[in-house]
Amino acid sequence: MKVGFLGPKATFTELAVKKVFPGFELEPYRTIPESMDAVVNEKVELAVVPVENTLEGTVNITLDYLTHVVQLPIVGEITIPIKQHLMVHPDNQENWQDVNKVYSHSHAIAQCHKFLHNQLHGIPYESVSSTAAAAKMVMDHPEQRIAAIANELAAEEYGLSIVQHNIHDFDHNHTRFFVLSEKGINFEEYSGSSHYKTTLMVTLPTDKAGTLHMVLSAFAWRKINLSKIESRPMKTGIGNYFFIIDLEMKLDDVLIPGAIAELEALGCGVTLLGSYPSKMIK
Ligand SMILES: O=C(O)C(=O)Cc1ccccc1
């Protein structure tokens with residue numbers, strides 16, 4: 001089976017893939033949407049995409065592409081610890097404090113704001129397609145005084161020197177990834193996890209007071225635990241939002257279908273995005 005992921009080699013996404021799909025054939029893509037398109041176009045059987053980070057929140061492009069452009073079932077979830085390091089070309093290791101630009105993925109930059117503000121004050125930073133793309137760029141340009149924020153594997157892969165370890169602003173930095181596939185793969189087999197979640201997309205009827213309250217009540221009185229609720233723009237006008245709701249249980253025959261029927265009776269639109277095992281990597 002072939003797995004599509006945000007490349008190039010040694011991104012955090014690749015780390016997540018390797019934790020649960022060791023030995024699988026890997027296909028790097030330049031962007032997250034391109035890795036999802038590859039599933040739709042049957043170039044790969046599944047894609048692994050980042051969806052949420054402890055420090056920076058939702059990866060909007062992933063949720064938006066999943067809800068507005070492609071309809072790919074979520075078949076699994078992987079959560080991994082994230083450690084960010086500052087790295088430079090070995091030629092510039094001694095004078096690393098003279099860097100004049102820092103490159104990384106926007107989420108990685110956001111995870112290190114305090115470090116950048118305090119230790120590299122005033123140095124501009126720029127976001128690129130992934131942390132590994134930033135590392136590769138630093139390797140390709142030894143003549144430039146630039147640094148990348150990326151993981152240890154990227155430093156190894158691209159021959160860079162880590163000059164500051166663990167520069168993320170808070171401990172317990174984790175990122176969640178969705179596994180997307182149309183093949184109905186049994187992620188429990190690969191992950192060994194039988195802890196399930198279910199994700200719903202819910203649109204509310206317009207101009208009806210108290211609907212969100214009633215939506216939450218439908219889950220509350222059934223004692224269905226929510227692990228996340230996120231609003232995203234419908235992209236149809238200011239103030240028009242839908243909700244992505246993660247439930248802390250597997251799709252069953254009674255409780256979740258009952259809650260969905262209740263939401264529909266309120267005039268909500270409900271789409272099941274997936275019911276899947278969730279694997280936490282320590
Ligand atoms: O750029 C990467 O390495 C990615 O896989 C995206 C990302 C960036 C920062 C934290 C987690 C995932």
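First listed ligand is number 1; within each ligand, the first listed atom is number 1.
- Ring orientation note: the planes of His165 and His85 are nearly perpendicular, at an angle over 60° on the 30°/60° scale.
- With respect to atom 12 (C) of ligand 1, the closest heavy atom belonging to the protein is Phe12 CB, 3.8 Å.
- Interatomic distance, CD1 of Ile78 versus NZ of Lys18, reported as 13.5 Å (0.5 Å rounding).
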Enumerate, atom names and distances included, each donor-acceptor pair closer than 3.5 Å involving a side-chain atom of residues 275-282, sequence neighbours excluded.
residue : atom : partner : partner atom : Å
Ser275  : OG   : Thr198  : OG1          : 2.8
Ser275  : OG   : Leu251  : N            : 2.8
Tyr276  : OH   : Thr199  : OG1          : 2.7
Ser278  : OG   : Glu77   : OE2          : 2.7
Lys279  : NZ   : Ser191  : O            : 3.3

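- Between Thr13 and ligand 1, at least one pair of N/O atoms sits closer than 3.5 Å.
- By the 4.0 Å heavy-atom criterion, Leu6 is counted among the residues contacting ligand 1.
- Both tests hold for Lys114 against Phe170: distance to the six-membered ring centre under 6.0 Å, angle to the ring axis within 45°.
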Taking distance alone, no hydrogens or angles, what donor-acceptor pairs closer than 3.5 Å link side-chain atoms of residues 137-145 to residues at least two apart or in another chain?
residue : atom : partner : partner atom : Å
Asp140  : OD2  : Lys136  : NZ           : 3.3
His141  : ND1  : Glu143  : OE2          : 3.1

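- Across the listed options His174, His105, Gln111, Glu52, Gln111 owns the non-hydrogen atom lying nearest to atom 10 (C) of ligand 1.
- Using cut-offs of 30° and 60° on the angle between ring planes, the pair His117 and His121 is perpendicular.
- Counting atoms of ligand 1 from 1 in the listed order, those under 4.0 Å from a heavy atom of Thr11 are 2 (C), 3 (O), 5 (O).
- Shortest contact from atom 11 (C) of ligand 1 to any protein heavy atom: Thr175 OG1, 3.4 Å.
- Nearest non-hydrogen protein atom to atom 3 (O) of ligand 1 is Thr131 OG1, 2.5 Å.
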